[in-house]
Novice: 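One structure, as structure tokens, below. Some questions next.
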2 protein chains.
Amino acid sequence: MLGAMEEGDELRFDRGAETPERIKAQLSRLVGLTAAQTARASSDALRAVGAHKDHFVVLAALAEFGPASQSALAGRARVYKSDLVAVLNELADGGWIRRTPDPADKRRNVITITDSGVRRLAELDQVLAGVNAHITAPLTREERDQLFALLNRVNTHLAGPRFRPESGA
Amino acid sequence: MLGAMEEGDELRFDRGAETPERIKAQLSRLVGLTAAQTARASSDALRAVGAHKDHFVVLAALAEFGPASQSALAGRARVYKSDLVAVLNELADGGWIRRTPDPADKRRNVITITDSGVRRLAELDQVLAGVNAHITAPLTREERDQLFALLNRVNTHLAGPRFRPESGA
DNA sequence: CTATGTTCATTGGTATCGCCAACGTTAGTC
DNA sequence: GACTAACGTTGGCGATACCAATGAACATAG
């Protein structure tokens with residue numbers, strides 16, 4: 001008999017009873033699982049419209065903070081400047097941004113969002129809103145806010161001093 | 001110096017005022033940030049004792065469910081059988097598991113946790129408990145449970161049917 | 001005006017992780 | 001004895017986060 005479980009589904013899903021207790025108790029695992037799934041959900045949704053995360057993040061930074069050099073943009077959008085190059089190429093190919101040399105400083109490129117870039121951002125924003133709605137579907141409005149608040153607190157806390165096994169509890 | 005913000009810190013940290021609102025509103029980003037940080041925290045802590053995630057997860061599965069073949073173990077520990085090979089090699093090198101051919105089925109290896117493996121698991125468990133404590137430090141007991149519960153609900157919900165932009169609101 | 005050091009965009013590379021495909025071996029099945 | 005399936009293992013792919021080095025342009029000091 002061998003009670004063979006049907007393999008073939010993916011590893012990021014919890015398997016309930018088959019999962020060791022010690023593992024289920026790890027917050028990092030739970031948060032990691034959830035992150036993987038939300039990441040895939042938005043990644044899939046964005047791919048469906050020919051975009052990916054960095055597209056959104058860069059367009060958003062441009063829309064909210066105005067034109068910027070690539071390095072300023074890299075800082076704001078939290079994308080490595082190395083990786084930003086490819087993203088900007090793609091965005092330029094789509095006509096969503098313009099990359100113009102800065103006359104004041106010839107090293108710099110000034111990145112500007114175009115009108116169609118603004119429309120594109122709205123489109124991606126809507127796509128991601130759908131994803132967010134899907135993700136938080138089982139939660140009430142308050143719970144959603146709670147989750148946000150809790151994660152934010154954990155997150156900003158972790159952004160602080162690095163963990164040292166000795167220090168603290 | 002042009003009021004340049006000091007670059008050099010890492011991208012996974014939120015930058016507050018410098019971060020576009022649209023981005024901050026994305027749950028997937030928040031969860032992703034948190035996941036990255038918790039993952040690194042535990043990854044660092046485990047590396048400090050010469051282990052990594054799969055070590056813990058595999059030892060835990062062995063301890064809770066007893067000896068198993070590699071494929072059963074792969075299922076329980078949620079590690080791809082391809083990747084499990086290396087993990088078991090390392091664990092065997094440390095003397096924490098034994099890999100013995102199954103006389104009943106010569107294809108199979110029976111993986112058994114050793115006594116020192118049990119001790120190793122306890123060690124890793126303690127390391128991770130410290131990490132968990134650090135992660136959830138800013139939360140009260142109730143909030144910690146809340147976060148767990150909320151993430152679990154989101155997570156199991158996402159494990160269900162795949163997101164389709166058309167279906168549902 | 002040359003020399004030095006810094007900033008900019010860009011190229012290339014590393015490490016890790018989740019994941020899949022294919023192989024040789026061994027078991028069950030007709 | 002031929003087929004099919006499961007086992008452990010090898011090797012690789014693709015994405016992501018990250019770093020290092022380069023060449024052009026700028027700034028400043030002597």
Side-chain angles (χ1 to χ4, degrees), chain A residues 1-13 28-29 32-33 35-37 39-40 42-44 46-47 52-55 57-58 68-75 77-90 92 97 99-111, chain B residues 1-13 28-29 32-33 35-37 39-40 42-44 46-47 52-55 57-58 68-75 77-90 92 97 99-111:
Chain A
M1 56 113 242
L2 312 169
M5 58 197 156
E6 283 315 309
E7 193 69 39
D9 63 348
E10 307 173 40
L11 256 52
R12 18 187 170 219
F13 298 144
S28 70
R29 172 180 156 92
L33 274 182
Q37 302 205 100
R40 183 165 68 171
S42 37
S43 174
D44 284 355
L46 287 175
R47 175 161 35 240
H52 48 95
K53 274 250 196 72
D54 290 346
H55 287 199
V57 108
V58 164
S69 73
Q70 291 188 201
S71 56
L73 195 51
R78 318 254 66 186
V79 174
Y80 271 80
K81 52 181 183 156
S82 337
D83 305 328
L84 185 58
V85 178
V87 175
L88 292 180
N89 287 338
E90 294 164 12
I97 60 135
R99 182 158 30 183
T100 27
D102 186 344
D105 184 342
K106 287 182 203 153
R107 293 170 300 182
R108 251 186 275 257
N109 289 332
V110 177
I111 313 297
Chain B
M1 45 122 264
L2 312 170
M5 58 194 154
E6 283 317 308
E7 192 69 39
D9 63 350
E10 306 172 39
L11 255 53
R12 24 190 164 217
F13 298 143
S28 69
R29 172 177 159 91
L33 275 181
Q37 302 204 102
R40 183 165 66 171
S42 37
S43 173
D44 284 356
L46 286 176
R47 176 162 30 243
H52 47 93
K53 272 249 195 75
D54 290 344
H55 288 200
V57 108
V58 164
S69 72
Q70 292 189 199
S71 56
L73 196 50
R78 317 254 65 186
V79 175
Y80 271 79
K81 53 178 183 161
S82 337
D83 305 328
L84 185 59
V85 178
V87 175
L88 291 182
N89 288 337
E90 294 163 12
I97 61 137
R99 182 155 34 181
T100 28
D102 186 344
D105 183 342
K106 288 183 202 151
R107 294 171 299 181
R108 253 186 271 256
N109 289 331
V110 178
I111 313 299

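Below, chain A is the first sequence line, B the second, and so on; all start at residue 1.
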Novice: Could you state the atom-to-atom distance from CZ of Arg108(A) to P of dT10(C) in whole Å?
Specialist: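 So the two atoms are 14 Å apart, to the nearest Å.
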Novice: Distance check needed: dA15(D) P versus Leu46(A) CG, whole Å only.
Specialist: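 Taking CG of Leu46(A) and P of dA15(D), I get 14 Å after rounding.
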Novice: Looking only at side-chain atoms of Ser82(A), point me to the closest of dA9(C), dT10(D), dG12(C).
Specialist: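 The answer is dG12(C), which lies nearest to the side chain.
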Novice: Who are the side chain to side chain contact (heavy atoms under 4.5 Å, CB included) partners of Glu90(A), not counting sequence neighbours?
Specialist: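 Testing Glu90(A) for side chain to side chain contact (heavy atoms under 4.5 Å, CB included), a comparison that skips the adjacent residues, returns His52(A), His55(A).
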Novice: Look up atom CG in Leu88(A) and atom CG in Asp54(A), then write down how far apart they are to the nearest 0.5 Å.
Specialist: 9.5 Å
Novice: Report the residues that fulfil side chain to side chain contact (heavy atoms under 4.5 Å, CB included) with Arg47(B), sequence neighbours left out, ordered by chain and then residue number.
Specialist: Ser43(B), Asp44(B)
Novice: Looking across every strand, which nucleic acid part, if any, lies under 4.0 Å from Arg99(A) by heavy atom: base, sugar-phosphate, or nothing?
Specialist: sugar-phosphate
Novice: Using nucleotides 21-28 of chain D, report all nitrogen or oxygen pairs with the protein that are shorter than 3.5 Å.
Specialist:
residue: dA25(D); atom: O3'; partner: Lys106(A); partner atom: N; Å: 3.4
residue: dC26(D); atom: OP1; partner: Lys106(A); partner atom: N; Å: 2.5

Novice: Taking only residues two or more places apart in sequence or in another chain, which ones pass side chain to side chain contact (heavy atoms under 4.5 Å, CB included) with Ser82(A)?
Specialist: Tyr80(A)
Novice: Could you tell me the separation between the CG atom of Asn89(B) and the C1' atom of dG11(D), rounded to a whole number of Å?
Specialist: 15 Å
Novice: Side chain to side chain donor-acceptor pair (under 3.5 Å) with Asp102(A): which residues, sequence neighbours excluded?
Specialist: none
Novice: Establish, with yes or no, whether the OP1 or OP2 oxygen of dA15(C) is under 4.0 angstrom from a side-chain nitrogen or oxygen of Arg40(B).
Specialist: no
Novice: Whole-Å distance between dG13(C) P and Asp83(A) CG?
Specialist: 15 Å
Novice: Please name all residues satisfying side chain to side chain donor-acceptor pair (under 3.5 Å) with Asn109(A), sequence neighbours left out, ordered by chain then number.
Specialist: Gln70(A)
Novice: For a quick test of reading the model: is some side-chain N or O of Ser71(B) closer than 4.0 Å to OP1 or OP2 of dG8(D)?
Specialist: yes
Novice: What is the distance, to the nearest angstrom, from the NE2 atom on His55(B) to the C1' atom on dC17(C)?
Specialist: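 Rounding to the nearest Å, NE2 of His55(B) and C1' of dC17(C) are 14 Å apart.
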Novice: How long is the line joining NZ of Lys53(A) and P of dT16(D), in whole Å?
Specialist: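 Rounded to the whole Å, the gap is 8 Å.
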Novice: Nearest 0.5 angstrom please: Leu73(A) CG to Ile97(A) CD1, how far?
Specialist: 8.5 Å
Novice: Starting from C1' on dG8(D), measure out to OH on Tyr80(B) and report it in whole angstrom.
Specialist: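 That distance rounds to 17 Å.
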Novice: Can you find a donor-acceptor N/O pair under 3.5 angstrom joining the side chain of Asn109(A) to the base of dC8(C)?
Specialist: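 Under the 3.5 Å cut-off, the side chain and the base do not form any donor-acceptor pair.
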Novice: Rounded to whole Å, how long is the line connecting atom CG of Leu84(B) with atom P of dC20(C)?
Specialist: 16 Å
